[in-house]
Amino acid sequence: MAIATSLIFFFVILSASLHLHTNTVQAQQRRQSNVTLGSALTPTTNSSWLSVSGLYAFGFYPEGNGYAIGVFLTGISEMTVVWTANRDNAPVPSNATLVLNSDGRLVLQQPQSQDTDITNVTQPASYASMLDSGNFVLYNYVHNIIWQSFDHPTDTILPSQILLAGQELISRASETDYSTGIFSLSMQRDGNLVQYPVSAPTPTYQYAYWASGTSMYGDNCSLHLDGDGHLYMLNATGTTNIKNLSYAEPTKEEKIYRMTIDVDGIFRVYSLRRTLDPKEKWSIWWNSSSDKCDPKGLCGFNGFCISNDTDADCRCLPGFASVNPSSWASGCVRDFTAESCKIKNGDGNTKYYKMSPLENTQWEDDSYSVLQLSSRKECEDACLQDCNCEAALYKDQQCKKQRLPLRFGRTLLSDSNVAFIKVGESFVGPSSLYSKDLILLCT
Ligand SMILES: *[C@@H]1O[C@H](CO)[C@@H](O)[C@H](O)[C@H]1NC(C)=O
Ligand SMILES: *[C@@H]1O[C@H](CO)[C@@H](O)[C@H](O)[C@H]1NC(C)=O
Ligand SMILES: *[C@@H]1O[C@H](CO)[C@@H](O)[C@H](O)[C@H]1NC(C)=O
Ligand SMILES: *[C@@H]1O[C@H](CO)[C@@H](O)[C@H](O)[C@H]1NC(C)=O
Ligand SMILES: *[C@@H]1O[C@H](CO)[C@@H](O)[C@H](O)[C@H]1NC(C)=O
Ligand SMILES: *[C@@H]1O[C@H](CO)[C@@H](O)[C@H](O)[C@H]1NC(C)=O
Ligand SMILES: *[C@@H]1O[C@H](CO)[C@@H](O)[C@H](O)[C@H]1NC(C)=O
Ligand SMILES: *[C@@H]1O[C@H](CO)[C@@H](O)[C@H](O)[C@H]1NC(C)=O
Ligand SMILES: *[C@@H]1O[C@H](CO)[C@@H](O)[C@H](O)[C@H]1NC(C)=O
């Protein structure tokens with residue numbers, strides 16, 4: 001069924017695109033639809049095997065200060081990788097070689113090291129093929145598929161590719177780093193398509209930040225993308241559409257589509273016009289959310305997300321500083337350059353704290369104690385006087401004491417609440433504004 005669909009798509013694209021991409025093929029790439037045993041690629045010459053139309057290539061692409069192996073589009077300047085082999089392996093240097101060897105294994109060879117398998121097969125391959133659907137396939141001697149990149153998606157699915165129950169897509173680490181990132185899109189066995197932060201201990205409902213709401217359909221539901229941008233889910237028999245995510249794009253232009261879970265944790269259907277212009281750019285046809293603060297964990301520990309109409313931004317809790325300003329997800333730690341530390345150094349073991357309020361934010365509720373208190377001030381004091389309390393969330397007369405780190409933080413303007421964060425405060429003498437709040441903490 002899946003093979004039939006992909007074959008039909010293959011021929012549609014094949015006939016449609018043959019004439020379009022003839023000119024865009026780079027000299028270093030070989031147009032070779034069937035890759036025979038003994039064929040080899042190197043990062044700098046003969047670096048990839050092209051599909052018949054030249055739309056997709058399998059082979060080396062630049063990553064970091066070396067090369068990675070995967071499937072990518074040719075003919076556009078915007079580098080678009082749709083599949084990566086061994087995505088968490090380090091980039092390889094230019095003296096590496098990729099070989100479909102005489103044993104029928106596709107291996108990466110590097111000087112003075114063991115061969116690395118690129119595909120995991122139980123029988124030898126007779127030949128390989130980069131199909132025009134974007135699927136890279138290994139066949140045995142009776143022409144059966146023994147391995148295909150479509151069965152091992154990384155962060156993208158293409159038309160005719162199916163995300164089956166039990167499979168997931170995981171975002172890349174950054175726009176230029178294709179290794180495993182921090183967000184997933186999981187086709188669960190209960191029929192629900194759900195997004196989680198990868199760090200969630202066991203993916204359970206409380207960590208989800210997006211769900212299709214189709215859990216009543218049970219096992220073996222699947223996610224599909226059609227060649228017209230239609231993203232939808234089918235039930236176990238593959239006969240009934242249970243959910244439309246995006247609709248087919250009503251367009252007369254020739255376009256190609258992909259669905260990717262992006263670095264920011266949102267998944268989007270993109271379209272690209274088929275022209276000869278290498279400057280052509282992908283445009284968003286559909287997105288899972290327009291609120292860029294939805295993905296949980298975007299701002300890391302002790303950070304919270306602020307969004308305006310177009311962008312998301314991360315801030316740290318009061319008294320905290322960003323671990324790595326170029327990577328929000330690395331979160332925030334106590335700002336030890338704060339005045340309080342200098343005082344501490346000059347003053348033996350004595351530490352002074354106060355509570356710093358933060359209005360209208362939402363966090364994961366992982367409280368170790370919940371008190372019924374009638375005022376903000378009581379909640380503030382309850383945390384201040386509890387050596388185990390590092391923060392308190394106060395809403396509707398409930399005071400929830402927390403330990404750090406706080407996570408999944410975001411602003412929530414529609415909600416009236418306050419978070420109190422215990423911060424160090426410089427001791428400025430008995431007449432200080434804060435002196436009434438100062439307490440001696442257990443050390
Ligand atoms: C690739 O090999 C298969 C099986 O031998 C053959 O049917 C097909 O025509 C070949 N494709 C091309 C483009 O040569
Ligand atoms: C690329 O591969 C082709 C076909 O195998 C071969 O003839 C050619 O010499 C190779 N080019 C380089 C630079 O290795
Ligand atoms: C291969 O390249 C790496 C990195 O540039 C280098 O360290 C290594 O010595 C090279 N090996 C050979 C055999 O040239
Ligand atoms: C290869 O496939 C076998 C059987 O499907 C599986 O048990 C094994 O974990 C796989 N190995 C890798 C490296 O994916
Ligand atoms: C799901 O697929 C598996 C493997 O094909 C099958 O054993 C199982 O019965 C299916 N479950 C449902 C609910 O169709
Ligand atoms: C899928 O939907 C069809 C039509 O509603 C139904 O007949 C079939 O039983 C469903 N299959 C499963 C496994 O739910
Ligand atoms: C999804 O859209 C198709 C038309 O494109 C329609 O036939 C189908 O019933 C829709 N499915 C649902 C669950 O609404
Ligand atoms: C994202 O989807 C929302 C609907 O969920 C839509 O309002 C918004 O315009 C979309 N944004 C983009 C950039 O497509
Ligand atoms: C949204 O925030 C981003 C980053 O903070 C900023 O560059 C952009 O100008 C803001 N856009 C609007 C419409 O306020």
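Each ligand, and each atom within it, is numbered from 1 in the order the structure gives.
The number of heavy-atom neighbours closer than 6.0 Å to OH of Tyr368, taken from other residues, nucleotides and ligands shown, is above 12. The local environment of CG in Asp103 is crowded, with over 12 non-hydrogen atoms from other residues, nucleotides or ligands closer than 6.0 Å.
Cys pair Cys314 and Cys305 fails the test of SG atoms under 2.5 Å apart.
The atoms of ligand 3 that sit less than 4.0 Å from any heavy atom of Pro111 are 11 (N), 12 (C), 13 (C). Taking every heavy atom of Ile284 and a limit of under 4.0 angstrom, the matching atoms of ligand 8 come to 14 (O).
Protein residues with any heavy atom under 4.0 Å from ligand 1: Ser33, Asn34, Tyr127, His143.
Residues Trp282 and Tyr257 keep their aromatic ring centres 6.0 Å or farther apart.
Ligand 3 has a nitrogen or oxygen under 3.5 angstrom from a nitrogen or oxygen of Asn95. Of the polar atoms of Asn287, at least one N or O is found under 3.5 Å from an N or O of ligand 8, judged by distance alone.
Remark: Cys221 engages no residue in a disulfide bond (SG atoms under 2.5 Å apart) (not counting sequence neighbours). With sequence neighbours left out, Asp228 forms a salt bridge (Lys or Arg N to Asp or Glu O under 4.0 Å) with no residue at all.
Residue Tyr67 holds its OH atom at 14.0 Å from CG of Leu98, rounded to the nearest 0.5 Å.
The ring-ring contact (aromatic ring centres under 6.0 Å, His included) contacts involving residues 156-183 comprise Tyr61-Tyr178, Phe183-Tyr209, where partners must be two or more places apart or lie in separate chains.
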